[in-house]
Amino acid sequence: MQKKKLGIFSFTCCEGCTVVFIELLNNHFFDYKNRFDFVSFRQLKSNNKTGKMDFAIIEGAISTASEKKKLLEIRKKAKKIIAIGSCACTGAPSNQRNNFRPEIKKEIEKQVKALRQLKTIEPLKKYVKVDILLNGCPVNITQLEKAMEGL
Amino acid sequence: MHKGNFNISLKNISKIEGHTHMDIAVKNNEAVSVKLKISENKRFYRDAVKGMGYKAAPMHLARICGTCSPAHMSCVCEAVERAMNIRISEQSRALRELLLLGNIIRDHGMHLYFFCLPDIFGVDSVLDFDKKKDNLIHNALHVKEAGNMLCNAVGGRAVHPPFANVGGFNELPSKENVREALKELKEARQYALDFIDTFFVKDMSFKRDTNFVALCGKGFSYIDGVIKTSSGKVIEEEDYREHLEKVIIPYSNASAFEFEFKEFMVGALARLNLNKDELEKSTRKDCSRYLKVFPSNDIFHNNLAQAISVVNAIDKSVKMLESMDFKKEKIPEAKLGKANVGVGVIEAPRGTLYHMIGVDAKGIVNRSEVIIPTSQNVIHLEKSMVDFVNAMLSKGISKEKISMNVERLIRAYDPCMSCATHFLKINWK
Ligand code: SF4
């Protein structure tokens with residue numbers, strides 16, 4: 001059987017959802033290794049590519065132009081995008097500065113600029129079509145496990 | 001031999017926590033500068049937490065980092081409790097310790113088995129091992145899962161544990177979960193012990209005279225103790241506040257940093273160097289051959305120290321779980337009415353973690369400071385890297401090999417860039 005190509009990507013977030021995925025590997029490592037060819041998984045390998053893939057699992061919200069560009073590229077190359085965790089699905093909590101009071105927004109304005117961040121931090125669906133949304137902070141491990149079965 | 005000037009630029013360094021790059025400038029065959037670059041994903045937690053009620057602060061600030069969230073959680077709880085004069089019970093203290101022990105097992109496990117093991121066997125990724133290594137991976141996963149189960153039992157979850165709270169734990173571990181975690185921990189012990197030899201690598205070494213710093217407690221506690229340094233300083237609990245202020249200021253003022261500490265290093269290596277006599281008796285007995293290595297100033301021994309710490313965390317948590325009978329208690333309430341500041345200090349997997357929380361008379365957070373381990377190590381890391389690269393240049397080692405070894409040394413420090421994105425200033429040297 002041809003292995004499915006799977007990419008794991010991480011944008012602006014605490015990376016807790018990838019940690020949940022890594023904990024899932026405790027019981028599914030050999031199974032996933034047999035079923036998937038991990039084309040991108042920065043936590044586990046170097047030489048990560050954004051080539052053609054069957055699935056892209058993405059955590060995190062989009063905070064910079066380069067992240068946005070990368071997301072659009074992933075969308076072009078991936079048959080399905082699975083957003084994991086509330087940062088990817090809704091933007092929160094990584095997007096909290098969007099809702100800061102005006103005084104605090106002013107205080108952090110300089111830093112936001114220096115960091116080359118976009119005006120607001122947004123969930124994936126703001127920029128691309130997302131096929132599967134798995135919400136939660138972090139993503140629920142049982143739901144993720146189920147979703148992996150279906151891929 | 002390399003001629004003249006060139007740069008080594010490592011983009012998107014893999015197999016560490018978070019995103020980062022490193023630039024090394026070589027002039028006349030000598031490394032002149034090394035910069036670890038942070039990415040742009042800051043999320044402004046310290047600003048966001050201002051205006052929140054004190055009870056919400058820990059779970060919010062724990063979102064700084066998914067990898068060591070139990071550590072952030074416990075540390076912020078401690079800071080809030082000190083600010084609000086809340087005394088937690090012995091049982092809560094024990095649960096907090098157990099949560100951190102579980103976190104040590106799974107986090108050191110992830111670093112050792114997933115990030116470092118491939119380096120040792122000369123493959124790129126844990127995904128690239130052939131069938132012959134299936135057993136080894138199986139054992140590694142077993143140890144990691146034991147830590148995961150301990151976190152699940154005590155915290156309700158390994159990432160952002162919901163049971164942990166200001167004042168104590170709002171749910172107690174169920175008998176069944178404790179039984180399962182105990183079984184898994186006991187089975188994993190031999191594997192964890194066998195792995196120590198794997199991480200006692202002899203092909204890589206980098207020694208550097210270093211001031212190590214760690215919170216050193218009785219029974220190798222990750223939450224209680226005094227801060228010790230290998231230069232002989234001892235900082236008592238009541239002086240944390242002053243100490244913390246001094247360590248925070250340096251982020252805007254490099255000279256203050258040099259004044260207080262000079263560069264230093266925190267983490268598993270520092271803990272073993274300063275406090276190895278407090279390890280569990282069974283750990284000391286079964287690891288005696290390797291414990292002779294410490295104190296060590298070889299940075300690569302950080303991995304060895306982590307591997308030993310995993311065994312100790314298993315031994316200690318088994319002992320605690322077997323002797324404890326968890327009873328429902330009332331979580332102590334805070335007394336409002338006075339503005340105050342509290343400091344939490346704990347040992348996170350990567351080293352000493354500080355949180356400072358200020359509250360007003362109504363218990364609303366008005367100040368939040370945090371110092372994460374990676375930001376304490378970064379100056380040390382950069383300076384080490386200059387010497388490390390120069391030693392290789394003088395031996396005529398190829399640029400490719402240098403890059404590979406540089407990555408290995410970065411990984412030995414076990415940096416966590418998810419944390420670091422928030423608190424490093426953009427232009428530090
Ligand atoms: S959803 Fe929560 S756990 Fe997941 S990356 Fe975002 S902050 Fe971290």
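All values below come from the heavy atoms of this structure, side chains included, with hydrogens, waters and symmetry mates left out. First the proteins, then the strands, lettered A, B, ... as listed; each starts at 1.
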Item to check | Straight-line distance of A/N48 CG to B/N12 CG, nearest 0.5 Å | outcome: 8.0 Å

Checklist entry - How many angstroms lie between atom CZ of B/R46 and atom CD1 of A/I108, to the nearest 0.5 angstrom? => result 11.5 Å

Item to check | Flag if over 12 foreign heavy atoms under 6.0 Å of NZ, A/K3 | outcome: yes

Item to check | Whether A/Q96 side chain and B/R43 backbone form a donor-acceptor pair below 3.5 Å | outcome: yes

Checklist entry - Passes side-chain contact (heavy atoms from CB on, under 4.5 Å), A/R97 versus B/D47? Steps please. => result CA-CA 8 Å; A/R97 75 162 163 78; B/D47 306 281; over 6 Å; no

Item to check | Considering all heavy atoms, the nearest A/F100-B/F44 contact | outcome: CZ-O, 3.7 Å

Checklist entry - By a 4.5 Å heavy-atom criterion (distance strictly below it), what part of A/L25 contacts chain B: side chain, backbone, both, or neither? => result both

Item to check | Residue B/K55 excluded, over 12 heavy atoms near NZ under 6.0 Å | outcome: no

Checklist entry - Checking A/N27 against chain B: side chain, backbone, both or neither under 4.5 Å from a heavy atom? => result side chain

Checklist entry - Do you know which of B/I16, B/D134, B/V143 has the most heavy-atom pairs under 4.5 Å to chain A? => result B/D134

Next on the checklist: Quick one: does any side-chain atom of B/D124 pair with a main-chain N or O of A/K45 as donor and acceptor, under 3.5 Å?
Outcome noted: no

Checklist outcome for this item: Under 4.5 Å to a heavy atom of chain B? For A/Y32 that would be neither

Checklist entry - Checking A/C137 against chain B: side chain, backbone, both or neither under 4.5 Å from a heavy atom? => result both

Checklist entry - Should the heavy atoms of other residues, nucleotides or ligands under 6.0 Å from CE of B/M59 be counted, would the total exceed 12? => result no

Checklist entry - What's the spacing between A/R101 CZ and B/K50 NZ if we round to 0.5 Å? => result 9.5 Å

Checklist entry - Would you find a donor on one side and an acceptor on the other, under 3.5 Å apart, between the side chain of B/R63 and the backbone of A/P93? => result no

Checklist entry - Measuring heavy-atom distances to chain A, does B/S69 have an atom under 4.5 Å in its side chain, in its backbone, in both, or in neither? => result neither

Item to check | Region of B/H142 in contact with chain A, defined by heavy-atom distances below 4.5 Å | outcome: neither

Item to check | Atom NZ of B/K11 with >12 non-hydrogen neighbours under 6.0 angstrom | outcome: yes

Checklist entry - What heavy-atom pair brings B/F129 and A/K33 nearest, and what distance separates the two atoms? => result O-NZ, 2.8 Å

Checklist entry - Would you call B/M110 and A/Q43 a side-chain contact if the rule is heavy atoms closer than 4.5 Å? => result no

Next on the checklist: I need the A/F41 CZ to B/S14 OG distance, nearest 0.5 Å.
Outcome noted: 11.5 Å

Checklist entry - What are the two closest heavy atoms between B/Y45 and A/S94, and how far apart are they? => result OH-N, 4.3 Å

Checklist entry - Would the number of heavy atoms belonging to other residues, nucleotides or ligands and lying under 6.0 Å from NZ of A/K49 be above 12? => result no

Checklist entry - To the nearest 0.5 Å, what is the distance between CG (A/L115) and NZ (B/K42)? => result 7.0 Å

Checklist entry - Going by the angle between their ring planes, with limits at 30° and 60°, are A/F29 and B/F114 parallel, tilted or perpendicular? => result tilted

Checklist outcome for this item: Distance col, row B/M149:CE vs A/N26:CG, nearest 0.5 angstrom, shows 10.5 Å

Item to check | For the student: nearest non-hydrogen atoms of B/E145 and A/E23, plus distance | outcome: OE1-O, 4.3 Å

Checklist entry - chain B heavy atoms under 4.5 Å from A/L44: which part of the residue, side chain, backbone, both or neither? => result both

